[in-house]
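We count residues from 1, following the sequence as given.
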Amino acid sequence: MGLASAGILMYRRGNNGLAVLLVHPGGPFWARRDTGAWSIPKGEANLGEQLRDVAVREFAEELGAPPQGLLQPLGEVRQAGGKRVTAFAVEGDFDTAALRSNTFEMEWPPRSGRIRTFPEVDRAEWFTLPLAAEKILAGQRPLLDRLQQLIGE
């Protein structure tokens with residue numbers, strides 16, 4: 001099992017109630033997956049790194065802008081495969097059209113010898129809580145309930 005991961009669940013209040021910002025992983029493995037494939041912006045911690053700092057860094061790397069506002073702890077969840085994710089909530093607004101994700105390289109198609117570059121995140125969208133519960137990875141679903149408890153909605 002790898003090092004711990006940390007991320008941020010950004011939320012906003014609007015005419016349709018509470019909405020959360022989720023990201024869709026880039027690359028060929030996730031291209032056709034939607035339901036159950038979305039995530040909070042997150043990433044692995046380096047040895048000795050504070051998880052709050054990891055969450056802020058990963059949000060900025062995956063979306064192209066750092067989060068603004070007070071981070072509130074949502075605790076830890078375990079994803080399939082055992083990955084631990086510590087999450088923080090922040091109220092804010094992000095223009096999904098402004099998405100500028102970092103990239104990664106991999107051989108694609110497999111055994112082709114060609115190295116291609118893909119965005120780590122290919123989409124970011126705001127979802128109402130019921131729709132977010134369908135879209136988010138099952139292991140991260142408890143974060144939505146914790147957010148509701150945290151903000152009293």
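- With contacts defined as side-chain heavy-atom distances shorter than 4.5 Å, the pair Arg57/Asn46 qualifies.
- Residue Phe127 is not grouped with residue Phe94 when hydrophobic side chains (ILVMFWY) are merged at heavy-atom distances under 4.5 angstrom, including chains of intermediate members.
- Using a 4.5 Å heavy-atom threshold, the side chains of Glu91 and Ile151 count as separate.
- Separation of atoms NZ (Lys42) and CG (Leu9) is listed at 13.0 Å; rounding is to 0.5 Å.
- Remark: Trp30 CH2 to Asp122 CG distance equals 11.0 Å, nearest 0.5 Å.
- Using a 4.5 Å cut-off between side-chain heavy atoms of Ile, Leu, Val, Met, Phe, Trp and Tyr, with links allowed through other members, Val23 and Leu131 fall into different hydrophobic clusters.
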For a quick test of your reading: what N or O donor-acceptor pairs under 3.5 Å do the side chains of residues 104-111 make, sequence neighbours left out?
{"residue": "Glu107", "atom": "OE2", "partner": "Arg111", "partner atom": "N", "Å": "3.4"}
{"residue": "Glu107", "atom": "OE2", "partner": "Ser112", "partner atom": "N", "Å": "3.0"}
{"residue": "Glu107", "atom": "OE2", "partner": "Gly113", "partner atom": "N", "Å": "2.6"}

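- Nearest approach of Tyr11 to Leu18, heavy atoms of both residues: CD1-CD1, 3.7 Å.
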For Leu70 and Val90, run side-chain contact (heavy atoms from CB on, under 4.5 Å): C-alpha distance rounded to whole Å, both residues' side-chain angles, the deciding distance at 0.1 Å, then the answer.
-> CA-CA 6 Å; Leu70 175 67; Val90 67; 5.8 Å; no
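- Judged by distance alone, the side chain of Arg52 and the main-chain N or O of Ala6 form no donor-acceptor pair under 3.5 Å.
- Considering CG of Leu74 and CG of Asp145, their distance stands at 11.0 Å, rounded to 0.5 Å.
- Identified under the side chain to side chain donor-acceptor pair (under 3.5 Å) test for residues 123-133, with sequence neighbours left out: His24-Arg123.
- Put simply, CG on Leu63 and CG on Asp95 are 11.0 Å apart, with the number rounded to the nearest 0.5 Å.
- What you find for Ala124 and Leu21 is that their closest heavy atoms are CB-CD1, 4.2 Å.
- Rounding to the nearest 0.5 Å gives a distance of 9.0 Å between CD of Gln140 and NZ of Lys83.
- Closest non-hydrogen pair, Ile8 versus Pro67, comes out as CD1-CG, 3.5 Å.
- The side-chain heavy atoms of Leu143 and Val20, taken from C-beta on, include no pair separated by under 4.5 Å.
- Val56 and Leu147 fall into different hydrophobic clusters, where Ile, Leu, Val, Met, Phe, Trp and Tyr residues are linked whenever their side-chain heavy atoms come under 4.5 Å apart, directly or through other members.
- Across Val77 and Pro142, no two heavy atoms sit closer than the pair CG1-CB, 4.2 Å.
- Taken together through direct or relayed side-chain contacts under 4.5 Å among Ile, Leu, Val, Met, Phe, Trp and Tyr, Val54 and Leu71 form parts of separate hydrophobic clusters.
- Between Phe59 and Pro66, the shortest heavy-atom distance links the atoms CD2-C, 4.1 Å.
- Remark: Asp93 engages Arg12 in a side-chain hydrogen bond (donor to acceptor under 3.5 Å, both in side chains) (not counting sequence neighbours).
- Here CG of Leu137 is found 5.5 Å from CD of Gln79. Values are rounded to the nearest 0.5 Å.
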Let me see the working for Glu62 and Asn102 under side-chain contact (heavy atoms from CB on, under 4.5 Å), right down to the final yes or no.
-> CA-CA 6 Å; Glu62 293 186 3; Asn102 57 344; 4.2 Å; yes
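- The side-chain heavy atoms of Glu58 and Pro41, taken from C-beta on, include no pair separated by under 4.5 Å.
- Closest non-hydrogen pair, Arg141 versus Ala133, comes out as NE-O, 2.8 Å.
- Tracing side-chain contacts under 4.5 Å through hydrophobic residues (I, L, V, M, F, W, Y), one reaches Phe88 starting from Val121; they form part of the same cluster.
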